[in-house]
Amino acid sequence: MHIKGVAETVEARLRKEIMTGKIGPGERVNEISVSERYGVSRPPLREALRRLENENLIISVPRRGSFVAELSRADCLQIYRARIMIECEAVDIIKESGGCDTETLGRVLAEEKRLTRSRAGAAKHDPHGDYLIMSKFHNALVDICGNNWLIHFHKQLRPTMGRYQIMYLMIPGESMHSLKEHDEVLDLLCNRQYDDAQNSLRTHIERTLDVLRHKVPC
């Protein structure tokens, strides 16, 4: 149990460092230096690396070690297309079921607004914190649709997708831009304008992808 708890802590720290680029794409994760830096033994570190490999953040190469997965425009395009399919399908399911819990989405969006505006004047930027705030709306939208397989597939995308989302949110002004678009999607859902909500959601995701095309390396 102790090793499991330590592994979860190490996993969270490594995930954050990978997602924010502190450990860069293609970089080798040296077990000795990381275990010394974190003050942990090798077994929980290896367990953490195994879990992160399952999330496609780490690639294990036999006889060479563990490396951070690369980022590319092609990968970004693929993951965002998969994201559009899943999130827009979630809106379709909500439409078929006769509506969704818009109160929960409203609370999520209200928290986004509060935290985003409080961070706007912060002296130190926290890209990972911004990501955790801004991704809640999309995650909640999929979770609310109630389709367990759709939720599962979206959760599988989240760690890698988060690396690109953080890159996007580091661009000045984009957090507030996305916040306005989330507001529009929620307003359409509240008014049961599901086709318009789906189109607005797709336009929002495609716009962020278009912005990322110029930021992600080839």
Side-chain angles (χ1 to χ4, degrees), residues 10-31 34 48-91 125-143 145 147 149-175 177-178 181-182 185 198 200-218:
V10 173
E11 176 189 353
R13 289 185 64 180
L14 272 174
R15 184 186 295 108
K16 181 177 180 179
E17 291 191 352
I18 291 170
M19 292 178 73
T20 57
K22 185 173 182 179
I23 305 177
E27 188 174 337
R28 184 172 183 269
V29 181
N30 186 292
E31 290 187 13
V34 172
L49 289 172
R50 184 188 65 78
R51 295 179 186 181
L52 293 173
E53 186 175 6
N54 289 336
E55 295 182 359
N56 299 313
L57 294 178
I58 290 288
I59 295 174
S60 179
V61 181
R63 296 181 295 279
R64 289 189 60 203
S66 299
F67 297 82
V68 175
E70 296 280 3
L71 296 174
S72 69
R73 288 180 190 169
D75 179 61
C76 182
L77 178 60
Q78 288 181 18
I79 202 165
Y80 267 69
R81 281 180 171 169
R83 178 187 179 188
I84 289 169
M85 289 174 61
I86 292 171
E87 295 188 24
C88 287
E89 179 62 20
V91 176
H125 190 59
D126 178 14
H128 189 258
D130 290 347
Y131 155 72
L132 292 177
I133 293 167
M134 298 303 295
S135 62
K136 281 185 177 182
F137 182 81
H138 292 274
N139 297 346
L141 178 62
V142 175
D143 292 345
C145 86
N147 184 301
W149 281 106
L150 215 61
I151 294 166
H152 169 74
F153 293 139
H154 196 258
K155 284 182 176 178
Q156 289 293 106
L157 291 178
R158 288 174 192 175
T160 300
M161 188 163 62
R163 298 175 74 189
Y164 294 109
Q165 287 175 300
I166 286 173
M167 195 178 297
Y168 164 78
L169 291 169
M170 290 178 71
I171 302 170
E174 288 300 336
S175 290
H177 199 159
S178 286
E181 292 170 343
H182 291 177
V185 173
Q198 188 183 71
S200 179
L201 178 63
R202 179 182 285 107
T203 298
H204 162 56
I205 298 173
E206 287 177 345
R207 186 191 65 77
T208 62
L209 173 61
D210 190 55
V211 172
L212 279 168
R213 288 178 194 272
H214 306 288
K215 300 294 291 185
V216 180
C218 296

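- Between Tyr131 and His128, the ring-plane angle classifies as tilted under the 30° and 60° cut-offs.
- Closest approach of Gly24 to Val68, counting heavy atoms only: O-CB, 3.3 Å.
- Between Arg51 and Glu55 there is no salt bridge, since no side-chain N of the basic residue sits under 4.0 Å from a carboxylate O of the acidic one.
- Between Met134 and Ser178 the shortest heavy-atom distance is CE-CB, 3.7 Å.
- Here the side chains of Val142 and Phe153 are not in contact, with every heavy-atom distance at 4.5 Å or above.
- Side-chain contact between Arg163 and Pro25 is present, with at least one heavy-atom pair separated by less than 4.5 Å.
- Checking each of Ile18, Leu49, Ile59 against Val29 for a side-chain contact (heavy atoms from CB on, under 4.5 Å) leaves exactly one that passes, namely Leu49.
- Taking CG of Leu150 as the start and CD of Glu87 as the end, the distance is 9.5 Å to the nearest 0.5 Å.
- Between His204 and His138, the ring planes are parallel. Angles under 30° get that label, and only those over 60° would be called perpendicular.
- Expressed to the nearest 0.5 Å, how far CD1 of Ile171 lies from CG of Leu212 amounts to 6.5 Å.
- The structure places NE2 of His152 at 11.5 Å from CG of Asn147, a figure rounded to the nearest 0.5 Å.
- Ala90 approaches Cys145 most closely through the heavy-atom pair O-CB, 3.7 Å.
- Looking only at side-chain heavy atoms (C-beta outward), His177 and Glu181 come within less than 4.5 Å of each other.
- Here the closest heavy-atom approach between residue Gln156 and residue Asn54 is recorded as NE2-O, 4.3 Å.
- The CG atom of Leu57 sits 12.5 Å away from the CD atom of Glu17 when rounded to the nearest 0.5 Å.
- Taking 4.0 Å as the cut-off between side-chain N and carboxylate O, Arg207 and Glu174 count as a salt-bridged pair.
- Around atom CZ of Arg28, more than 12 heavy atoms belonging to other residues, nucleotides or ligands sit under 6.0 Å away.
- Minimum interatomic distance between Leu52 and Leu14 (heavy atoms only, all atoms of both residues): CD1-CB, 3.5 Å.
- Across all their heavy atoms, Ala82 and Leu157 have their closest contact at CB-CD1, 4.0 Å.
- Considering CD1 of Ile79 and CG of Leu209, their distance stands at 11.0 Å, rounded to 0.5 Å.
- A distance of 6.0 Å separates OG1 in Thr208 from OH in Tyr168, rounded to the nearest 0.5 Å.
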